[in-house]
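Heads up: the structure comes next, in structure tokens.
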Amino acid sequence: MSCSRIDTGLPSETAVQGHVLQGATPAEHAYVRVARPDGEYVSEVRCGPSGTFYIPLLPGEWSVICYAPHGYRAEQGLKVMRGDHFDIEFRLDDAA
């Protein structure tokens, strides 16, 4: 898994984007959820055929959680400020 802050040049855009891989294959049926620190889910998207996702966020502390078929799961914590834009790559392996 990797996570990096990227500069979009758009100070009003606050979001998390990325892609999910299972092995070397895009995880087309994976779900990516955003949760508050108390565990309440606030957003969820399903990855498309290329395993990509995009979720707009408000500033705050979030957990970005990826679920894939067969129970694989990965999680990344983020502290997001206004205008932050993060790119996350989730890698879900059979050993996960």
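Just so it is clear, the values below take in all heavy atoms, side chains as well, and ignore hydrogens, waters and symmetry mates.
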#### Entry: Spacing of Phe90 atom CZ and Ile65 atom CD1 [to the nearest 0.5 Å]
8.5 Å
#### Entry: Minimum heavy-atom distance between Cys47 and Ala27, given as atom pair plus value
CB-O, 3.6 Å
### Query
Do Val20 and Leu78 belong to the same hydrophobic cluster, where Ile, Leu, Val, Met, Phe, Trp and Tyr are linked whenever their side-chain heavy atoms lie under 4.5 Å apart, directly or via other members?
yes
### Message
What's the separation between atom CD in Gln17 and atom CG in Asp87, rounded to the nearest 0.5 Å?
### Response
5.0 Å
### Message
Within the 4.5 Å heavy-atom criterion, are Met81 and Pro59 side-chain neighbours or not?
### Response
no
#### Entry: Minimum-distance pair of heavy atoms, taken over all atoms of Pro26 and Pro49
CB-O, 3.7 Å
### Heavy-atom closest contact (Arg36 atom, Trp62 atom, distance)
CG-CZ3, 3.7 Å
### Query
Parallel, tilted or perpendicular for Tyr41 and Tyr67, by the 30°/60° rule?
perpendicular
## Note on the structure
In short, Arg73 meets Leu92 closest at the heavy-atom pair C-CD2, 4.1 Å
### Query
Of all heavy-atom pairs between His19 and Glu89, which one has the smallest distance, and what is that distance?
NE2-OE1, 2.8 Å
### Message
Using the rule that Ile, Leu, Val, Met, Phe, Trp and Tyr join whenever any side-chain heavy atoms are under 4.5 Å apart, tell me whether Tyr31 and Tyr54 fall into a single cluster.
### Response
no
### Message
Can you tell me how far apart NZ (Lys79) and CD (Glu61) are? Round to the nearest 0.5 Å.
### Response
5.5 Å
### Query
Ser63 pairs by side chain to side chain donor-acceptor pair (under 3.5 Å) with which of Arg33, Gln76, Glu75?
Glu75
